[in-house]
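Since the structure comes first, as structure tokens, the remarks are kept for the end.
So that the names make sense, note that chain A is the first sequence line, chain B the second, and so on, each numbered from 1. Nothing here was measured: the structure is a model prediction, and the numbers come from that model.
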Protein chains: 2
Amino acid sequence: MAGTGSGSGAPRKQRADSRRNEEALLKAAAAAFVTSGVDAPVRDIAAMAGVGVGTIYRHFPTRADLIVAVYRHQVEACAEAGPALLAESATPHAALASWIDLFVDFLVTKHGLAEAMRSDDAAFQTLHAYFLDRLVPVCAQLLDAAATAGEIIPGVDALVLMHGIGNLCIGADSPGYDARLMVGLVIAGLRLR
Amino acid sequence: MAGTGSGSGAPRKQRADSRRNEEALLKAAAAAFVTSGVDAPVRDIAAMAGVGVGTIYRHFPTRADLIVAVYRHQVEACAEAGPALLAESATPHAALASWIDLFVDFLVTKHGLAEAMRSDDAAFQTLHAYFLDRLVPVCAQLLDAAATAGEIIPGVDALVLMHGIGNLCIGADSPGYDARLMVGLVIAGLRLR
DNA sequence: TGAAAAGCGGAACCGCGTTCCGTATATTCC
DNA sequence: GGAATATACGGAACGCGGTTCCGCTTTTCA
């Protein structure tokens with residue numbers, strides 16, 4: 001039957017210029033995020049990529065889509081580091097601590113990402129969905145291992161923990177604040193005494 | 001010479017309508033903050049108070065001024081509760097925990113306040129100055145007492161701690177988050193083991 | 001090569017904070 | 001009581017940023 005095959009309905013492949021623009025946008029966004037944070041004005045990013053604002057919306061309907069696209073690799077790396085750390089580390093609690101460190105490293109080096117992570121704006125739904133769906137299970141696994149080993153208090157929800165860690169990383173570069181110290185206190189607080 | 005004394009320069013007292021407007025604005029802002037959070041649109045607050053937008057800026061040049069004015073009493077109460085708790089509580093650590101609870105209560109019931117607290121926008125300078133200057137010393141006193149009693153790890157900076165607690169309260173009403181649990185972990189993490 | 005789909009640019013619109021100035025009014029002095 | 005004047009008011013106007021929309025260009029495919 002008029003299949004979904006290549007018969008008559010072969011959908012045209014994406015135009016070359018479109019792909020080029022997408023890549024230019026990704027590069028421009030990455031650069032803009034570094035200098036102006038993830039809230040960099042849409043117009044700036046578009047200008048930097050040499051495209052119109054319409055183009056940015058066509059490729060990345062929401063800001064979250066753009067953020068996800070820019071940081072996908074790093075999030076993947078973080079997610080994959082979880083099981084690895086669990087295998088290498090002396091104890092599950094050590095693995096958990098190291099992994100959280102990795103996560104914190106990721107967040108504090110992206111101006112505004114931590115803020116964006118917790119925005120309840122509908123446009124950031126994608127961000128929640130991706131970041132959390134990808135990282136929460138990893139965190140849960142580490143948490144579970146540590147709890148099973150009797151190292152930490154049981155029953156701590158990974159989603160809540162990650163949410164909290166994310167919050168602690170907001171404004172990590174303000175003078176007079178120390179996100180890592182606070183995260184350290186949380187990790188210490190998890191410990192069973 | 002035309003002195004600065006009260007001779008001829010008795011400054012006119014504030015006009016009655018001005019005072020009325022200021023109070024109306026305070027009431028309107030308090031109401032708006034409850035329903036829409038501390039980011040309630042300026043125009044809405046002005047309309048609710050039955051004044052023009054210009055009036056709001058004349059009385060409260062920055063949003064922070066308005067927020068401070070609205071919550072001044074509650075901040076004072078929180079600040080004064082510190083020494084009281086220290087006197088009543090079984091241990092300094094218990095007093096610290098209770099006081100932080102009070103602070104968290106205050107923050108989580110004001111939509112957006114925690115976010116605003118950590119904004120580095122210049123307009124929020126007043127908010128930092130007031131809230132932190134008023135509360136950090138209280139926190140420092142409690143922290144110090146607990147450290148002296150050997151209950152918690154020494155050397156934790158009150159400003160950092162309050163900053164962190166504030167951060168943890170961001171989005172306290174989102175489903176799937178539990179600010180109090182996270183704060184509890186931090187307090188537990190302070191404990192010397 | 002020519003028609004049609006795909007994509008593009010940027011003008012235009014909206015919401016919100018902020019400023020500014022002509023006008024209204026409370027206060028003061030006679 | 002009635003001007004004179006400092007004081008305060010209202011809201012139009014401006015700037016900025018996100019978002020939408022549509023006429024035009026470019027690429028693809030036959």
Side-chain angles (χ1 to χ4, degrees), chain A residues 6-26 28-29 32-33 35-67 112 115-116 119-127, chain B residues 2 6-26 28-29 32-33 36-67 112 115-116 119-127:
Chain A
S6 57
S8 70
R12 280 192 180 183
K13 58 182 179 185
Q14 186 187 28
R15 276 168 52 163
D17 55 345
S18 169
R19 181 171 267 338
R20 265 199 308 278
N21 280 332
E22 193 165 322
E23 248 153 63
L25 275 171
L26 234 39
F33 288 175
T35 58
S36 316
V38 298
D39 297 317
V42 178
R43 273 178 253 257
D44 288 5
I45 300 174
M48 238 178 273
V51 305
V53 281
T55 302
I56 219 173
Y57 282 97
R58 200 165 310 106
H59 287 279
F60 306 98
T62 72
R63 175 168 239 101
D65 294 312
L66 189 52
I67 296 176
E115 287 91 326
S119 160
D120 48 4
D121 188 330
F124 287 87
Q125 190 49 41
T126 312
L127 201 60
Chain B
S6 57
S8 70
R12 279 192 182 183
K13 58 182 181 185
Q14 186 187 29
R15 274 168 53 164
D17 56 344
S18 170
R19 182 170 258 353
R20 264 199 308 277
N21 279 331
E22 193 166 322
E23 249 154 63
L25 276 170
L26 234 39
F33 288 176
S36 316
V38 297
D39 298 316
V42 178
R43 273 178 253 259
D44 288 4
I45 299 174
M48 239 178 272
V51 304
V53 281
T55 301
I56 217 174
Y57 281 97
R58 201 165 310 107
H59 287 280
F60 306 98
T62 72
R63 182 172 291 273
D65 293 311
L66 189 52
I67 297 176
E115 286 90 327
S119 159
D120 48 3
D121 187 330
F124 287 88
Q125 191 50 40
T126 312
L127 201 61

With T126(A) via side-chain hydrogen bond (donor to acceptor under 3.5 Å, both in side chains) - residues at least two apart: none
List for me each residue that meets side-chain hydrogen bond (donor to acceptor under 3.5 Å, both in side chains) alongside R43(B), sequence neighbours excluded, and say none if there are none. none
Spacing between D39(A) atom CG and dC16(D) atom C1', to the nearest angstrom: 14 Å
Close N/O contacts between protein and nucleotides 24-28 of chain D (under 3.5 Å):
{"from": "dT26(D)", "atom 1": "O2", "to": "R15(A)", "atom 2": "NH1", "distance (Å)": "2.9"}
{"from": "dT26(D)", "atom 1": "O2", "to": "R15(A)", "atom 2": "NH2", "distance (Å)": "3.2"}
{"from": "dT28(D)", "atom 1": "OP1", "to": "A16(A)", "atom 2": "N", "distance (Å)": "3.3"}
{"from": "dT28(D)", "atom 1": "O2", "to": "R12(A)", "atom 2": "NH2", "distance (Å)": "3.2"}

Report, one line per pair, each donor and acceptor closer than 3.5 Å where one atom sits in a side chain of residues 58-66 of chain B; sequence neighbours left out.
{"from": "H59(B)", "atom 1": "ND1", "to": "E22(B)", "atom 2": "OE1", "distance (Å)": "3.0"}
{"from": "T62(B)", "atom 1": "OG1", "to": "A64(B)", "atom 2": "N", "distance (Å)": "3.3"}
{"from": "T62(B)", "atom 1": "OG1", "to": "D65(B)", "atom 2": "N", "distance (Å)": "3.2"}
{"from": "T62(B)", "atom 1": "OG1", "to": "D65(B)", "atom 2": "OD2", "distance (Å)": "2.9"}
{"from": "T62(B)", "atom 1": "OG1", "to": "A123(B)", "atom 2": "O", "distance (Å)": "3.4"}
{"from": "R63(B)", "atom 1": "NH1", "to": "V38(B)", "atom 2": "O", "distance (Å)": "2.8"}
{"from": "R63(B)", "atom 1": "NH1", "to": "A40(B)", "atom 2": "O", "distance (Å)": "3.0"}
{"from": "R63(B)", "atom 1": "NH2", "to": "A40(B)", "atom 2": "O", "distance (Å)": "3.0"}
{"from": "D65(B)", "atom 1": "OD2", "to": "T62(B)", "atom 2": "N", "distance (Å)": "3.0"}

Of all residues at least two apart in sequence or in a different chain, which pass the salt bridge (Lys or Arg N to Asp or Glu O under 4.0 Å) check with D120(A)? none
OG1/T55(B) to CD1/I45(B) distance, rounded to the nearest 0.5 angstrom? 13.0 Å
Just how far, in rounded Å, is P of dG18(D) from CZ of F124(A)? 10 Å
Could you pull out all residues at least two apart from D39(A) that satisfy side chain to side chain contact (heavy atoms under 4.5 Å, CB included)? none
Hey, which sits more toward the 5' end of DNA chain C by its nearest nucleotide, Y57(B) or V51(A)? V51(A)
Outermost DNA chain C nucleotides near chain A [under 4.0 Å, heavy atoms]: dA5(C) to dA12(C)
Restricting to side chain to side chain contact (heavy atoms under 4.5 Å, CB included), what partner residues turn up for A49(B), sequence neighbours left out? A24(B), L25(B), A28(B), V51(B)
For the helix from dT1(C)-dA30(D) to dC30(C)-dG1(D), what is the angle between the axes at its two ends, each from 5 pairs, rounded to 10°? 0°
Within less than 4.0 Å of OP1 or OP2 of dG10(D), is there a side-chain N or O belonging to T55(B)? yes
Ignoring hydrogens and geometry, is there a side-chain-to-backbone donor-acceptor pair from T35(A) to A32(A) under 3.5 Å? yes
Measure the distance from CZ on R43(B) to C1' on dC14(D) and round it to the nearest whole Å. 11 Å
Check side chain to side chain contact (heavy atoms under 4.5 Å, CB included) between A47(B) and all other residues, then give those that pass, not counting sequence neighbours. none
Considering heavy-atom distances to DNA chain D, does V42(A) or R58(A) have its closest nucleotide positioned more toward the 5' end? V42(A)
So, OP1 or OP2 of dA8(D): does either fall under 4.0 Å of a side-chain N or O from H59(B)? no
Can you name the residues that form a side-chain hydrogen bond (donor to acceptor under 3.5 Å, both in side chains) with N21(A), not counting sequence neighbours? none
Identify, with sequence neighbours excluded, every residue that meets side chain to side chain contact (heavy atoms under 4.5 Å, CB included) alongside R19(A). Q14(A), E23(A)
